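Residue numbers count from 1 along this sequence. Being a predicted model, the structure only gives us computed values, none of them experimental.
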Amino acid sequence: MRGDRRLFPLLFLALLPGLCHGREPAPGAVTCGSVLKLLNTRHSVRLHSHEVKYGSGSGQQSVTGVEASDDANSYWRIRGKSDSSCQRGTPVKCGQAIRLTHVNTGKNLHTHHFPSPLSNNQEVSAFGDDGEGDDLDFWIVQCSGTYWEREDAVRFKHVGTEVFLSITGEQYGHPIRGQREVHGMPAASHHNYWKAMEGVFIKPSLDPAKHDEL
């Protein structure tokens, strides 16, 4: 019995690192390096961009919402504020700041103090070259648990201007007829919930050296 009592502190210390790291990520956690589409749950359109520039405001590459689920211009790569802060396969935590890089054009989801063309909310654009933009490319993932899960409806709050990535239903005419305006709104509402949809998801691991694709 005396020997068993001596072992107890050692067993506790062995378990402590696991306790301190918190809950293990679920298999459905969204991870750094994953490529996905994002669905606005209120309006059933996917976050989209293309090589069409705004004719007003910043004149940068436009960001819209599209109904089609198979459009190749709706893929975004999950990245951190720096590549070292979000290594491939690391689960994205609720409250973490990320970049969303448009796969086909290499520009980052961006917002700034320009009015959006249709609703006069805050313009959302795609900005930068080869995934490198500026400090207005950072968005905080707002979710309720420890990690961003693929089944969750989450919000994206802009770090620099504190608006939420939103859609309220306004539609463009020529040359992008039928696509919805994406903009920033100052208040949280049902217009700014997004869900991970189609994509290539890197298997979650707390050890970034150990990962694989699902």
Side-chain angles (χ1 to χ4, degrees), residues 30 32-40 43 45-66 71-86 92 95-143 148 154-172 175-176 179-189 191-197 199:
V30 175
C32 301
S34 292
V35 173
L36 50 75
K37 295 182 180 182
L38 290 166
L39 177 75
N40 183 279
H43 298 278
V45 293
R46 286 159 174 79
L47 187 68
H48 179 89
S49 191
H50 39 220
E51 292 182 344
V52 177
K53 295 183 178 180
Y54 287 120
S56 61
S58 68
Q60 293 176 4
Q61 182 170 300
S62 58
V63 173
T64 63
V66 297
D71 195 311
N73 274 317
S74 300
Y75 284 110
W76 301 83
R77 186 180 304 279
I78 306 297
R79 302 169 65 210
K81 292 182 71 173
S82 65
D83 289 336
S84 61
S85 69
C86 194
V92 176
Q96 181 174 340
I98 63 167
R99 288 176 289 177
L100 290 165
T101 301
H102 188 244
V103 171
N104 281 355
T105 63
K107 297 183 183 296
N108 295 326
L109 189 70
H110 181 94
T111 189
H112 39 213
H113 293 295
F114 286 92
S116 59
L118 302 182
S119 66
N120 206 39
N121 284 300
Q122 186 164 297
E123 180 192 278
V124 171
S125 65
F127 172 76
D129 294 298
D130 296 324
E132 297 306 316
D134 63 21
D135 59 4
L136 291 177
D137 299 341
F138 305 144
W139 300 81
I140 294 172
V141 181
Q142 289 194 341
C143 44
W148 174 11
V154 304
R155 291 188 173 102
F156 299 100
K157 186 174 184 179
H158 191 244
V159 172
T161 65
E162 299 188 339
V163 297
F164 293 91
L165 183 68
S166 304
I167 292 178
T168 48
E170 295 81 4
Q171 295 190 22
Y172 287 105
I176 50 176
Q179 296 186 22
R180 309 294 179 91
E181 181 186 82
V182 175
H183 49 247
M185 296 183 69
S189 73
H191 295 293
N192 36 58
Y193 275 119
W194 300 84
K195 186 176 179 181
M197 298 298 288

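- Here the rule is side-chain contact (heavy atoms from CB on, under 4.5 Å) with V63, and of V52, L109, L165 only L109 fits it.
- Contact annotation: the side chain of V30 never approaches that of V154 to less than 4.5 Å [non-hydrogen atoms, C-beta and beyond].
- Taking 4.5 Å as the limit, every side-chain heavy atom of K37 sits out of range of all side-chain heavy atoms of L39.
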Begin from the C-alpha positions of F164 and Q142 and carry the test side chain to side chain contact (heavy atoms under 4.5 Å, CB included) through to its verdict. CA-CA 10 Å; F164 293 91; Q142 289 194 341; 3.2 Å; yes
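- E170 and S119 are not linked by any side-chain donor-acceptor pair at a separation below 3.5 angstrom, with hydrogens and angles left out of the test.
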Could you walk me through whether Y172 and L118 pass the side chain to side chain contact (heavy atoms under 4.5 Å, CB included) test, one step at a time? CA-CA 8 Å; Y172 287 105; L118 302 182; 3.8 Å; yes
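- A salt bridge links D83 with R99: at least one charged nitrogen is closer than 4.0 Å to a carboxylate oxygen.
- With contacts defined as side-chain heavy-atom distances shorter than 4.5 Å, the pair L38/R46 does not qualify.
- Of all non-hydrogen atoms in Y54 and S58, the two that sit nearest each other are CD1-OG, 4.4 Å.
- Atom CG of residue N40 and atom OG of residue S166 lie 8.0 Å apart, to the nearest 0.5 angstrom.
- Partner F156 forms a ring pair (Phe, Tyr, Trp, His ring centres under 6.0 Å) with one of W139, W148, Y193 and no other, that one being W148.
- With S116 as the partner, the side-chain contact (heavy atoms from CB on, under 4.5 Å) test is satisfied by one option alone out of V124, T168, N121: N121.
- The CG atom of N73 sits 11.5 Å away from atom CG of L47, with the distance rounded to the nearest 0.5 Å.
- The CZ atom of F127 sits 12.5 Å away from atom OG1 of T111, with the distance rounded to the nearest 0.5 Å.
- Distance check, rounded to the nearest 0.5 Å: NE2 of H110 to CD of E123 gives 8.0 Å.
- You'll find the side chain of I167 reaches within 4.5 Å of the side chain of W194, heavy atoms only.
- For an aromatic pair to be called close, the ring centres must be under 6.0 Å apart, and H43 with H191 satisfies this.
- Side chain of D135 to backbone of G160: no donor-acceptor contact under 3.5 angstrom is found.
- Looking only at distances, a side-chain donor or acceptor of H158 sits under 3.5 Å from a matching main-chain atom of L136.
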Going through the distances and angles, do R180 and Q171 end up as a side chain to side chain contact (heavy atoms under 4.5 Å, CB included)? CA-CA 4 Å; R180 309 294 179 91; Q171 295 190 22; 3.4 Å; yes
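- With respect to I78, the side-chain contact (heavy atoms from CB on, under 4.5 Å) criterion is satisfied by exactly one of V141, L36, V35, T101: L36.
- The shortest distance between side-chain heavy atoms of D71 and H50 does not fall below 4.5 Å.
- Here the closest non-hydrogen pair linking V159 and A97 is CG2-CB, 4.3 Å.
- Closest approach of G199 to Y75, counting heavy atoms only: CA-CE2, 4.1 Å.
- V66 places none of its side-chain heavy atoms less than 4.5 Å from the side chain of V45.
- Separating the CD atom in Q96 from the SG atom in C86 is a distance of 5.0 Å, to the nearest 0.5 Å.
- No donor-acceptor pair closer than 3.5 Å links the side chain of R79 to the backbone N or O of N108.
- Rounding to the nearest 0.5 Å gives a distance of 6.5 Å between OG of S189 and CZ of R155.
- The heavy-atom pair separating S62 from S49 by the smallest distance is O-OG, 2.7 Å.
- No more than 12 heavy-atom neighbours from other residues, nucleotides or ligands sit within 6.0 angstrom of CD on E51.
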Stepwise, does the side chain to side chain contact (heavy atoms under 4.5 Å, CB included) test hold for T64 with E181? CA-CA 5 Å; T64 63; E181 181 186 82; over 6 Å; no
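- Side-chain polar atoms of T161 and H112 form no donor-acceptor pair below 3.5 angstrom.
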